[in-house]
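Here the structure is laid out as structure tokens; the discussion comes afterwards.
Residues: numbered from 1 along the sequence shown. Whatever order the structure lists ligands and atoms in, that order sets their numbers, starting from 1.
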Amino acid sequence: MRIEHDFSLLQYNTFGMKAVARHFVEYSSIAELQQFLRSCSPDERVLQIGGGSNLLFTNPVFEGTVLHSAIQGMEVMEEDENTICLKVGAAVVWDDFVAFVVAQGWGGAENLSLIPGEVGASAIQNIGAYGVEAKDLIRNVYTIDRKNYSERVFENRECGYGYRSSIFKNSLKDQYIVTHVSYELKKHPVLNLSYGNISAAFEPGKEITLQKVRDHIIDIRQQKLPDPKVLGNAGSYFMNPVVSVALFEALKHDYPDIPSYPAGDGMKIPAAWLIQQTGWKGKSLGHAAVYEKQPLVLVNTGDAEAMDIIRLADAVICAVEEKFAIRLKPEVIYV
Ligand SMILES: Cc1cc2nc3c(=O)[nH]c(=O)nc-3n(C[C@H](O)[C@H](O)[C@H](O)COP(=O)(O)OP(=O)(O)OC[C@H]3O[C@@H](n4cnc5c(N)ncnc54)[C@H](O)[C@@H]3O)c2cc1C
């Protein structure tokens with residue numbers, strides 16, 4: 001077990017906040033995690049993180065213990081003619097897992113290429129992109145209960161998955177630590193190219209491989225999204241709001257071009273479009289800016305403090321609410 005004190009979290013948050021953890025503990029096995037939890041005082045504030053790619057540290061010092069998994073490894077749990085089920089350690093970098101399965105010719109994860117972060121968080125966040133979500137692949141989530149240190153394995157259907165959401169972000173928030181996730185992949189993949197214009201990138205009649213899909217998605221993402229190593233950010237800052245059909249109809253009357261997708265009983269509107277209409281795209285406030293190529297992303301233009309990001313987010317939220325009567329909610333988690 002690695003234990004550090006007054007530990008810089010700069011490498012553990014993609015926004016590039018200069019936060020420090022009073023204590024930092026990295027465990028390499030379930031036994032080490034259980035040992036840490038047993039030794040922990042009930043009043044101790046403990047935050048489990050992955051790669052910190054969806055977090056905003058709002059204080060310069062986290063007064064507690066930041067926990068990080070170093071549980072690596074992939075093992076085959078089950079395999080038949082059509083599918084293979086892999087159990088993967090929470091600390092495996094998500095995109096390393098995607099690269100590996102694509103190289104094996106196992107389908108299902110390719111549309112989720114290049115999403116930052118680790119395997120553990122994929123099951124908490126239900127990461128998604130290009131018409132696919134982690135929930136489409138997850139079979140089981142292996143956890144440790146923070147209260148009694150026992151192991152519990154969740155079936156996919158028990159995880160309450162929804163848009164960027166799961167039971168672990170709602171009724172079971174902060175109660176379980178993910179140690180492994182198992183994913184089911186297809187040996188005879190059916191490609192999902194229906195989202196946006198992915199299919200337009202491929203010549204009709206030519207074979208489309210998993211690797212080609214992955215390469216194309218990496219290409220689009222690199223063009224559209226800022227690299228956190230260059231411009232600190234946490235991906236989409238806001239969720240896409242779902243509004244009632246009545247509100248949507250009223251908006252459509254005033255804005256005939258408003259994009260939308262049916263979502264349950266309501267309509268989902270791309271937050272990026274709403275922000276663009278307010279004129280905030282590309283604008284900055286203090287050391288934070290609305291990314292010029294994708295207004296859903298807020299960036300640290302250099303030396304930003306959390307307040308710079310929060311002030312800008314609030315300004316965007318107010319502008320959207322004033323214009324459309326829709327209140328955007330942050331997807332980024334404030335710590
Ligand atoms: C440039 C960029 C692009 C992005 N694009 C996308 C995208 O296309 N789609 C998408 O869905 N997301 C996207 N994101 C957001 C981010 O990649 C995901 O939310 C990712 O799952 C976060 O993983 P992480 O390991 O960094 O988790 P962290 O940010 O460290 O943590 C996220 C949450 O998970 C919890 N957590 C982490 N690990 C564990 C564990 N082992 N056990 C229990 N709880 C845990 C944390 O407590 C926290 O609540 C993007 C981010 C960036 C910076």
Return a yes/no value for N126: is any of its N or O atoms, backbone included, closer than 3.5 angstrom to an N or O of ligand 1? no

Do any heavy atoms of Y176 fall under 4.0 Å from ligand 1? yes

Among all protein non-hydrogen atoms, which one is nearest to atom 20 (C) of ligand 1, and what is the separation to 0.1 Å? P116 O, 3.5 Å

One finds that the ligand 1 atoms under 4.0 Å from a non-hydrogen atom of R221 are 3 (C), 4 (C), 5 (N), 6 (C), 7 (C), 8 (O)

Under 3.5 Å between some N or O of ligand 1 and some N or O of Q125? yes

Assign the ring pair F24 / F7 to parallel, tilted or perpendicular, where the plane angle (0 to 90°) is split at 30° and 60°. parallel

Scan side-chain atoms only and decide if D145 and T143 contain a donor-acceptor pair under the 3.5 Å cut-off. no

Can you see whether Y142 has K87 sitting over its ring - NZ or CZ less than 6.0 Å from the centre and within 45° of the normal? yes

Is the shortest side-chain heavy-atom distance between R22 and V61 below 4.5 Å? yes

Just wondering, are more than 12 heavy atoms of other shown residues or ligands nearer than 6.0 Å to OH in Y163? yes

Under 3.5 Å, is there a donor-acceptor pair linking the side chains of R214 and S113? yes

N/O separation below 3.5 Å, P226 to ligand 1: no

Element-labelled atoms of ligand 1 that are located less than 4.0 Å from some non-hydrogen atom of G117: 23 (O), 24 (P), 25 (O), 26 (O)

D303 atom CG, over 12 foreign heavy atoms within 6.0 Å: no

Looking at ligand 1, does any of its N/O atoms fall within less than 3.5 Å of an N/O of G50? yes

What atoms in ligand 1 come closer than 4.0 Å to a heavy atom of I333? 33 (C), 48 (C), 49 (O)

Just how far is it from atom CZ of F238 to atom CG of L274, taken to the nearest 0.5 Å? 11.0 Å

State, yes or no, whether a side-chain contact exists between Y27 and Q35 at a heavy-atom distance under 4.5 Å. no

Is there a nitrogen or oxygen of G52 sitting under 3.5 Å from a nitrogen or oxygen of ligand 1? yes

Counting both backbone and side chain atoms, is some N or O of E331 under 3.5 Å from an N or O of ligand 1? no

When only distance counts, is A90 in polar contact with ligand 1, meaning an N/O pair under 3.5 Å? no

Ignoring angles and geometry beyond distance, decide whether L225 reaches within less than 3.5 Å of ligand 1 through its nitrogen or oxygen atoms. no

Under 4.0 Å from one or more heavy atoms of A234, ligand 1 contributes atoms 51 (C), 52 (C), 53 (C)

Crowded around H253 NE2? As in, over 12 foreign heavy atoms under 6.0 Å? no

Specify side chain, backbone, both or neither for I124, according to which of its non-hydrogen atoms lie closer than 4.0 Å to ligand 1. side chain

T14 and ligand 1 - part of the residue with a heavy-atom distance under 4.0 Å: side chain

Which protein non-hydrogen atom lies closest to atom 24 (P) of ligand 1, naming both residue and atom, and how far is it? G51 N, 3.3 Å

For R164, take its heavy atoms, then give the atoms of ligand 1 lying under 4.0 Å from any of them. 9 (N), 10 (C), 11 (O)

Specify the protein heavy atom at minimum distance from atom 26 (O) of ligand 1: its residue, its atom name, and the distance to 0.1 Å. S53 OG, 2.6 Å

For atom 23 (O) of ligand 1, closest protein heavy-atom neighbour: A121 CB, 3.2 Å

From E44, H5, H23, residue fulfilling side-chain hydrogen bond (donor to acceptor under 3.5 Å, both in side chains) relative to T65: E44

Going by the 4.0 angstrom heavy-atom rule, the piece of N233 near ligand 1 is both

Nearest protein heavy atom with distance in Å, relative to atom 31 (O) of ligand 1: L55 CD2, 4.0 Å

Going by heavy atoms, is K169 under 4.0 Å from ligand 1? no

re atom 29 (O) of ligand 1, the protein heavy-atom contact at minimum distance is N54 N, 2.8 Å

Within the 3.5 Å criterion, strictly below it, is a donor on E118 or H68 matched to an acceptor on the partner's side chain? yes

Is there a polar contact between ligand 1 and L47, counting only N or O atoms under 3.5 Å apart? no

Among L33, I71, D95, I115, closest by heavy atom to atom 14 (N) of ligand 1 is I115

At less than 4.0 angstrom from any non-hydrogen atom of G235, what atoms of ligand 1 do you find? 2 (C), 3 (C), 4 (C), 50 (C), 51 (C), 52 (C), 53 (C)

Is a side-chain N or O of H188 found less than 3.5 angstrom from the main chain of E81, in a donor-acceptor match? yes

Return yes if some donor-acceptor pair links the side-chain N/O of Y161 with the main-chain N/O of A123 below 3.5 Å, else return no. yes

Can you check ring pair (Phe, Tyr, Trp, His ring centres under 6.0 Å) on W94 and Y183, steps first, answer last? CA-CA 12 Å; W94 170 260; Y183 304 95; 5.6 Å; yes

Should the ring pair F324 and Y255 be called parallel, tilted or perpendicular, given that the plane angle runs from 0 to 90° and is split at 30 and 60? tilted

Out of all atoms in ligand 1, which are within 4.0 Å of some heavy atom of G128? Include the element for each. 7 (C), 8 (O), 9 (N), 10 (C), 11 (O)

Could you work out, for atom 21 (O) of ligand 1, the closest of L114, I127, V178 by heavy-atom distance? I127

With a cutoff of 4.0 Å, is S69 in contact with ligand 1, counting heavy atoms of the residue only? no

Return the residue, atom name and 0.1 Å-rounded distance of the protein heavy atom closest to atom 36 (N) of ligand 1. Q48 O, 4.0 Å

Is the backbone N or O of Q125 less than 3.5 Å from a side-chain atom of S166, with the two atoms forming a donor-acceptor pair by type? no

So does K329 have more than 12 non-hydrogen atoms from other groups sitting under 6.0 Å from NZ? no

